[in-house]
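Please read these numbers as outputs of a predicted model, since none were measured by experiment.
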Amino acid sequence: MTRYAEGACAPTLTIAHCDLESWLAALVRQSATEAVTAPTVPPDRIPSAGPLRDALVHELGFRCAIGEEAARASGLLVAAAPDTATMEFFATQMIDAVRHTKAFRDCLVEMGISGRDLRDVIEHRGGSTRDRLLAPVDAYITPLLVRGDVLAGALLLILAAEEYLGPLLELSERRWQPLAPAVADRERRAGRDESRYLDAGSTLIRTWLEQQPYDRDRVADIVDHAWSRWSNIPILTVLSERERLFQAALLAEPDLVGDYEIWPGRRLLDTTADERIDVALARSREIQTSRLAYLGLGVTW
């Protein structure tokens with residue numbers, strides 16, 4: 001699985017491990033490595049038209065649209081943070097969301113999409129998916145953050161990320177590896193950082209609930225109410241649209257994929273859109289169940 005899922009079932013990080021000083025030091029190391037190892041998208045590898053290009057542009061447009069939304073949500077967390085350490089933690093999350101978005105946007109530029117066309121592509125390919133998945137989430141979480149309920153807001157953002165974005169991101173790195181290694185590389189780097197924030201954010205919430213046990217029932221009620229309002233979000237429809245686009249790309253470029261295994265013993269070429277969706281959803285629910293158990297919340301999603 002991707003770096004997004006690493007550690008999600010058993011969080012160990014705290015915001016002390018992800019403070020501003022640690023983040024800056026890690027950023028310097030990562031930037032030096034990426035300058036040497038990060039691949040670009042070779043124009044001759046991506047056709048000027050056809051299923052592979054369509055699927056890749058759709059993926060990148062979605063990642064850019066979602067990344068911009070993540071940066072804005074993180075900004076609300078910064079504004080609502082109850083102390084300096086928490087503020088700095090959420091601030092690094094916000095800047096990383098901006099960095100990741102730029103990395104995916106750069107992929108589109110490397111494919112020859114720039115200027116005014118770049119914004120049109122991001123909104124056309126990723127905007128509708130973003131709105132279908134996240135508009136109901138934003139409508140519920142933003143008022144919580146505006147009134148300063150940062151822990152409840154952060155918890156809902158974590159759970160929403162695992163419910164609605166987790167299945168979309170879980171397989172991205174693995175399935176793009178043989179077709180577009182540069183995109184897979186950027187998925188891996190972004191997933192690593194996202195997993196770290198989900199991990200440390202969960203530890204922050206768990207510590208709060210341990211120190212303020214009277215708040216547990218209130219937070220559990222907020223989660224239950226949010227889920228009842230989000231039950232009609234069309235995650236399965238979005239997954240199906242994306243995986244069918246990818247399936248067309250996969251079948252159009254079998255020579256690029258060869259015997260590459262998406263999972264041990266399972267060739268990517270032998271998988272179907274439905275199989276990949278089932279795996280992603282199952283893994284997402286596993287992570288989510290473990291997350292709620294870790295937080296000690298008796299909530300069923």
Side-chain angles (χ1 to χ4, degrees), residues 8 11 13-16 18-20 23 64-101 127 129-166 169 190 193-233 235 288 291-292 294-297 299 301:
L13 291 178
T14 68
I15 61 171
C18 303
D19 62 6
L20 187 59
W23 178 81
C64 290
I66 290 294
E68 291 173 3
E69 197 67 22
R72 293 187 177 95
S74 298
L76 291 175
L77 289 170
V78 172
D83 54 55
T84 300
T86 307
M87 179 190 69
E88 290 184 352
F89 168 65
F90 288 132
T92 63
Q93 183 177 2
M94 179 180 67
I95 295 301
D96 273 343
V98 173
R99 290 176 55 242
H100 300 155
T101 303
T129 301
R130 174 200 61 213
D131 294 343
R132 283 185 290 169
L133 292 181
L134 296 187
V137 173
D138 288 344
Y140 191 75
I141 293 178
T142 298
L144 288 173
L145 296 177
V146 169
R147 68 173 184 248
D149 198 346
V150 65
L151 275 303
L155 172 59
L156 288 179
L157 282 171
I158 288 171
L159 296 177
E162 288 167 351
E163 177 71 11
Y164 303 119
L165 300 184
L169 306 181
D193 291 337
E194 288 159 7
S195 177
R196 184 172 70 250
Y197 286 118
L198 290 173
D199 191 336
S202 295
T203 303
L204 173 68
I205 294 163
R206 174 171 166 156
T207 300
W208 168 265
L209 293 175
E210 288 175 345
Q211 294 174 348
Q212 315 288 339
Y214 58 82
D215 212 20
R216 188 177 302 277
D217 289 343
R218 182 188 70 86
V219 172
D221 286 343
I222 287 174
V223 174
D224 267 338
H225 189 215
W227 179 239
S228 69
R229 294 186 61 177
W230 299 344
S231 59
N232 293 324
I233 292 177
I235 180 62
Q288 191 181 82
R291 182 83 64 191
L292 288 168
Y294 172 78
L295 294 172
L297 293 173
V299 180
W301 275 41

Nearest non-hydrogen partners of [X] and [Y], listed with the distance:
X	Y	result
Ala97	Gly67	CB-O, 4.0 Å
Ala80	Val150	O-CB, 3.7 Å
Val137	Leu133	CG2-O, 3.6 Å
Glu68	Thr101	N-OG1, 3.6 Å
Phe89	Gly201	CZ-N, 3.8 Å
Ala71	Val98	CB-CG2, 3.8 Å

Hey, what do you get for [atom1] ([X]) to [atom2] ([Y]), rounding to the nearest 0.5 Å?
X	Y	atom1	atom2	answer
Asp131	Thr129	CG	OG1	8.5 Å
Leu151	Arg218	CG	CZ	8.5 Å
Ser74	Leu157	OG	CG	7.5 Å
Arg99	Ile95	CZ	CD1	9.5 Å
Phe90	Leu145	CZ	CG	8.5 Å

Practice item. For the pair Arg291 and Leu198, evaluate side chain to side chain contact (heavy atoms under 4.5 Å, CB included) and give the outcome as yes or no after the intermediate values. Key: CA-CA 10 Å; Arg291 182 83 64 191; Leu198 290 173; 3.6 Å; yes
Check your understanding: In terms of ring plane angle, is the pair His225 and Tyr140 parallel, tilted or perpendicular, where the classes change at 30° and 60°?
Key -> perpendicular
**Study point:** Check ion pair Arg72-Asp138 (N to O, under 4.0 angstrom)
**Key:** no
Review point. So, are Asp193 and Arg196 salt-bridged, with charged N and O less than 4.0 Å apart?
Key: yes
Exercise for review: Might you work through the side chain to side chain contact (heavy atoms under 4.5 Å, CB included) test for Ile222 and Asp149, ending with a clear yes or no?
Suggested key: CA-CA 11 Å; Ile222 287 174; Asp149 198 346; 4.0 Å; yes
Minimum side-chain heavy-atom gap [X]-[Y] below 4.5 Å:
X	Y	value
Ile205	Val219	no
Trp230	Leu159	no
Tyr197	Thr92	yes

**Study point:** All side-chain hydrogen bond (donor to acceptor under 3.5 Å, both in side chains) counterparts of Arg229, not counting sequence neighbours
**Key:** none
Study note, to complete from the structure: Applying side-chain contact (heavy atoms from CB on, under 4.5 Å) to Arg206 and not counting sequence neighbours gives Glu210, Tyr294, Leu295
